[in-house]
Structure formats: structure tokens, C-alpha cells
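Presented below is the structure to which this report refers.
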Amino acid sequence: MASVLPRTVQGPPVPLRWPPEDNRIPREIFTDPDLFRWEMDAVFTGPVWVLVGHEAEIPQPGDYKTLSVGAVPVIVVRDAQGQVRVLVNACAHRGARLVEGPRGNVLKGGFRCIYHMWTYAPDGSLLGVSLPDDFPAEFRKEDYGLPQARVALYKGLIFASFHEGTPPLDTYLAELTEGLDRVLGDGRLRYLGSIKVIFRTNWKLYVENIYDGYHVTALHTGFQVVRLRSHGGQRLVPNYERNGHLWGQSRSTPREQLEPVLRDMTLFDVRTKPTTDHNMMVVFPSGVVTDYFDTLQLRYVLPLAVDQTLIEFTFFARADDPEEVVRHRVRQGPAVLGPAGAITLEDAAALERVQQSSVARGDNVVLKGTPKRFPPYRHVDEAPIRHFYQAYRRLIGVPVEEGSS
Amino acid sequence: MKATDSLATREQAARELLARYVRVVDDPDRIEEWPDLFADQAEYRVVTRENLEAGLPVCVVCDDTKDRIVDRVTVIREFWGAGGRLEDRHYNQVRPRHVVGPVWTEPQDDGTVRVLANFAVWGTPAGDFYPRLLAVGEYRDVVEFGPQGPRFRSKWVVLDTPVLQDVFVYPL
Ligand code: FES
Ligand SMILES: [Fe+2]
């Protein structure tokens with residue numbers, strides 16, 4: 001079974017060096033432009049479900065937003081019948097980008113290409129072309145709809161796949177659905193806005209960082225300043241034999257017991273949940289879902305180049321939150337997890353440094369928690385990173401050899 | 001002194017406050033002075049034009065009280081500053097540099113002065129060869145005049161860039 005879109009390269013760059021031990025990661029994979037091109041095909045338009053949004057971002061018919069699936073620019077749109085579609089954001093004629101802005105509504109007028117005025121309905125079908133006299137006789141509008149991804153929804157989360165062989169979403173997510181249920185509840189959310197920022201790092205370094213529990217106390221010293229600790233937790237890797245999602249669970253110190261270093265400690269409030277349990281999840285390969293403190297956040301990891309990754313942080317409230325809860329979420333979310341957030345900045349600094357020295361050759365090594373071969377891991381372990389790369393290596397065609405350790 | 005004089009004086013004082021702001025935020029050693037530029041009831045917000053025009057409430061920075069403005073310095077110095085161990089700072093060394101364009105002042109009936117100005121912020125990282133354009137946009141400020149002199153009642157940093165070019169440490 002194949003990708004819906006034609007491949008742009010035939011296979012992985014050869015020879016791709018990969019040490020036999022599954023806890024060693026060759027640094028070249030963060031700097032090799034040929035591998036990057038292959039990943040855009042083999043991973044992002046391969047047999048995966050890529051998180052591209054939540055229905056609350058496009059509630060009305062005709063509402064759309066833009067982002068990319070790997071390197072492929074897409075429009076996520078609710079058509080006139082209310083069905084969610086993921087369309088390639090390139091005119092089927094000579095390829096002009098159809099939609100420029102990040103969000104909008106096209107219920108009236110559809111998507112009109114500026115170049116030769118072809119017009120598409122919100123469902124991607126071609127409605128009309130300008131001046132079609134002298135077109136070839138066999139030209140039929142039905143043949144020129146926009147290419148579309150397969151779309152599947154879970155609790156309002158919108159997933160896209162450009163591959164015909166991707167298993168059903170439920171199978172793909174496996175036990176991760178349990179974590180998603182905890183965060184998303186009945187799935188009815190209210191979209192509060194998004195913040196986008198460029199990380200100067202390879203997309204894999206951004207994603208593997210979330211699998212890594214080891215850095216949390218070492219790097220995020222702000223936690224220590226307020227004496228915020230994890231009181232237990234674990235790192236699960238649902239479906240690790242196939243896709244290797246991450247489900248990090250932790251329980252943090254309640255706000256009353258924190259060192260009141262800040263004048264306004266509501267940054268660390270948990271008002272909307274019965275306990276201070278948090279979930280931090282990666283839907284392989286590039287979606288992040290979390291309910292850290294009172295912050296309901298999705299992140300879309302969008303690779304721009306081998307050493308640049310755009311992260312879109314989107315923030316949500318529950319659909320029937322009272323206004324004061326919405327206000328609290330707005331004050332807390334970006335102040336913790338966003339480009340000016342207390343925590344994100346440190347990750348950005350560390351990841352940029354890893355990227356900068358990836359030209360140093362050699363391997364990055366994963367150690368903490370690795371004597372254990374399979375999940376669940378402790379919440380302070382970095383061992384789950386291995387499973388991310390196992391899944392990744394299957395997709396790029398360099399699978400881990402049996403019996404290696 | 002005629003009323004027009006005091007008006008001109010207020011506008012001049014508002015411009016000088018903005019100049020002082022730039023001196024402070026461009027100097028990593030002076031960040032402690034930053035909250036003093038704000039009134040006791042003040043707000044400092046960084047918003048993207050995209051969210052603002054869509055009526056979405058999420059801001060990049062939402063310091064809607066003086067307490068939060070003071071806390072920002074604590075976060076920079078303590079949280080990201082590895083508890084004051086400067087050599088272990090957990091953010092990369094980036095020297096900010098504001099370039100603030102024409103400053104437009106509009107005296108208001110309530111005695112405040114509205115200040116509008118274009119800005120670009122560059123960051124020069126210690127660990128890279130190239131200066132980076134961090135942000136481009138517009139200040140929309142309100143300056144009030146109390147016993148402690150001119151101070152910002154509100155400072156809105158409206159970013160033209162829907163995509164921030166980098167995380168940033170010091171206030172924009
Ligand atoms: S490229 Fe879109 S109509 Fe020609
Ligand atoms: Fe982190």
C-alpha cells in the first residue's frame with residue numbers, strides 16, 4: 001500500500017550509519033538534508049496519523065486553518081456539510097498556494113486561486129475554471145479536485161494520513177486513548193488562540209525531548225526554585241511495538257506547599273482537576289497533547305528544514321468553562337508552556353545546543369532507565385526515547401536488528 | 001506655565017520614558033529596573049496581530065498586574081538563571097537590541113498620554129555567527145503621570161510576525 005502523494009525520493013540516503021545498540025543515536029540524522037527529505041516522505045506521508053488540529057479550531061462550516069503535514073502544506077477545513085477535510089494547499093492547475101493566511105472562512109466563495117481563478121469548494125472539489133475554451137477535449141473538472149488526506153477524529157482531535165496502509169485510528173492510538181480521554185474529557189473544547197515559534201533544532205530532537213524524563217529536574221531549575229517536585233508518575237509508551245507514542249504521567253506538589261517565590265503563584269494552580277496529576281503525551285510522530293496544571297494544550301511539530309522546526313502551541317478551554325476559568329487558563333497557559341513560558345525557554349536553549357553540535361559526529365547515548373527493556377518506565381527515565389527511534393527507524397527503512405541491545 | 005506647555009512637557013516625558021525603557025530592556029544587567037517603569041496598577045502584554053484581530057484571548061505574555069510584571073524578573077533571574085549561578089544560565093546568551101521607530105504621542109483627556117511606536121528587536125547570540133531578528137511590531141502604550149513621575153499604565157507589544165523567530169528572554 002502506498003502514499004496518496006507521489007514520493008519525492010526513492011529511499012533513505014545510503015549508507016546511513018546506525019550503531020547496532022538501540023540506545024545510540026548517530027548525530028548525522030540531525031544534520032543530513034537528504035535524510036530530511038526522505039523523512040518528509042517516509043515518516044510524515046507514511047503509515048502514520050499526524051495530529052493537525054482540534055475541531056474546536058474550526059467549529060463552523062467553511063472554517064479553515066493552515067499548517068503542514070511534514071513538508072506538505074495543507075488546509076484543515078470543515079466543509080458545507082460539516083465534515084472535516086484535510087486538503088493539499090496547492091492549486092491542482094499550476095500549483096499556486098490557495099490560502100495565504102493562517103485561518104479564515106470560505107463558506108461563501110470557496111477557495112479561489114489568484115493565478116488563473118480556478119475555484120474549489122470547501123470539500124476540495126473543483127467548482128469552476130476561468131475561460132476554459134481551447135482546453136483539451138478530455139478535461140473534466142472531476143479530475144482536478146485537490147488531493148486530500150484521509151481524516152480521522154478522536155474526541156475532536158483531527159488526524160490526517162496520506163497513506164493508504166495506516167491502520168484505523170483506534171488501533172494506531174492503542175492505549176494512548178486512555179490518556180487522551182483524561183485530557184480531553186468529552187472532547188468539547190473552546191479554542192483560545194495559538195502561538196507559533198521557530199526552534200533552531202531538528203524536529204526529532206524536539207520530539208525526543210518530550211520522551212525524556214531525565215532532563216526535567218536537571219534543566220528546569222524553576223521547578224526547584226519553587227520546590228515543585230514530581231510525587232511519582234511513570235512514562236508509558238503505548239503501542240511501542242508499532243508506533244511508540246509517549247504517555248508521561250506525573251503528580252506535582254500542590255500549590256499550597258510550594259515556596260512562594262513569585263508574587264502571583266496562580267501560575268502553578270490546579271483548579272480544574274481533582275488532583276495535581278498531569279499528562280504529557282506525544283502522538284507519534286509529531287503531535288503533543290497535555291493538561292499540565294490547568295493548561296489544555298495541543299502542539300503541532302512542523303519541520304521547516306533539517307535544523308529548523310516550527311512549533312505551534314494551541315490553547316483551549318472546556319466548552320462550558322465559566323469565564324473566570326477561561327481567564328485563568330489564558331493567564332497560565334502561555335506563561336508556563338509557550339515561547340515566553342517559564343519552562344519552554346530552557347528546552348529551546350538545550351535543544352539548540354544539541355543541534356549546533358550535531359556536526360561533531362559520534363553518537364548521542366540514552367542511558368537512564370535503559371536496563372529495563374520495556375515500558376512502563378519511571379517518570380525520570382530517558383529510556384522511552386529508544387522506542388521513539390525504533391518506530392522512526394521502521395518507517396525510514398533502517399529497522400533495529402533483532403537481538404541488538 | 002500655560003496648559004499647552006504642560007501638555008508638551010507630558011508628551012516629552014512620555015517619550016523619555018520610552019527611551020529609558022529601551023535602555024533597560026537592552027541591558028541584561030539592568031532588568032531589575034524594568035518593573036519600576038510601570039505604574040502600581042499596570043499591564044504588560046505581548047500579543048500577535050493574528051490573535052488580536054481574530055478576537056482570541058491568548059497572549060504571548062499576559063502580565064496583567066504589577067505582581068506579574070515583578071515576577072517576570074524573578075523568572076528571568078531565578079528560574080532561568082539557575083538560581084543565580086550566572087555561568088549555568090539555562091537560556092542562551094542573546095544580547096537584545098531594540099530599534100524603535102517614529103514615536104507618536106497623543107495626549108488624552110484624562111491626563112495620560114498614548115504612545116505609539118514601531119519597533120524591531122534584534123538578538124545577537126553568543127553561540128552563533130548571525131544576529132537574529134526576534135520581533136517586529138508596534139508599541140501601543142499608555143503613560144500616566146503620578147507622584148513618581150511618568151510610568152506605563154499599559155504597554156501592549158503587538159507583533160506583526162505570526163511566527164516568533166525565537167523564544168525570547170528579556171521583555172520586548
Ligand atoms: S495555478 Fe491555480 S488557477 Fe492556475
Ligand atoms: Fe523540558
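Residue numbers start from 1 in every chain, and the chains themselves are labelled A, B, ... in the order their sequence lines are given, proteins ahead of strands. All values below were derived from every heavy atom in this structure, side-chain atoms included, with hydrogens, water molecules and symmetry-related copies excluded.
Proximity to chain A is absent for every atom of Val94(B), based on heavy atoms less than 4.5 angstrom apart. Of the atoms belonging to Ala218(A), it is backbone heavy atoms, and not side-chain ones, that fall under 4.5 Å from chain B. Using a 4.5 Å cut-off between heavy atoms, Leu267(A) touches chain B through its side chain atoms alone. Of the two parts of Val225(A), only the side chain, counted from C-beta on, holds a non-hydrogen atom closer than 4.5 Å to a non-hydrogen atom of chain B. Contacts of Val61(B) with chain A are made by side-chain atoms alone, with heavy-atom separations under 4.5 Å and no backbone atom involved. Contacts between Val70(B) and chain A at a heavy-atom distance below 4.5 Å involve the side chain alone, from C-beta outward. When heavy atoms are compared at a cutoff of 4.5 Å, Glu312(A) does not approach chain B at all. With a 4.5 angstrom heavy-atom cutoff, Asp71(B) touches chain A via backbone and side-chain atoms both. For Gln356(A), the part lying near chain B is the side chain, with the backbone staying farther off; criterion is any non-hydrogen pair under 4.5 Å. Only the side chain of Arg327(A) comes within contact range of chain B, judged by heavy atoms closer than 4.5 Å. Contact annotation for Leu310(A): only side-chain heavy atoms (C-beta onward) come within less than 4.5 Å of a heavy atom of chain B. For Glu50(B), the part lying near chain A is the side chain, with the backbone staying farther off; criterion is any non-hydrogen pair under 4.5 Å. Contacts between Phe223(A) and chain B at a heavy-atom distance below 4.5 Å are absent for every atom of the residue. The part of Arg132(B) that comes within reach of chain A is its side chain, from C-beta onward, which places non-hydrogen atoms under 4.5 angstrom from that chain.
The choice from Gln224(A), Arg200(A), Glu352(A), Glu346(A) that makes the most heavy-atom pairs within less than 4.5 Å of chain B is Arg200(A). Contact count against chain A (heavy-atom pairs under 4.5 Å) is highest for Asp64(B) among Asp64(B), Thr74(B), Val75(B), Thr48(B). If you tally non-hydrogen atom pairs under 4.5 Å between each of Val226(A), Val330(A), Thr344(A) and chain B, the highest count goes to Val330(A). Chain A forms the most heavy-atom pairs under 4.5 Å with one residue out of Thr161(B), Val167(B), Leu164(B), and that residue is Leu164(B). With chain B as the partner, the residue from Gly338(A), Gly101(A), Ala335(A), Pro102(A) showing the most heavy-atom pairs under 4.5 Å is Pro102(A).
Nearest heavy-atom pair, Val169(B) versus Leu345(A), reported as atom, atom and distance to 0.1 Å: CG2-CD1, 3.5 Å.
Annotation: Arg30(B), atom CZ; neighbour count of heavy atoms from other residues, nucleotides and ligands within 6.0 Å is above 12.
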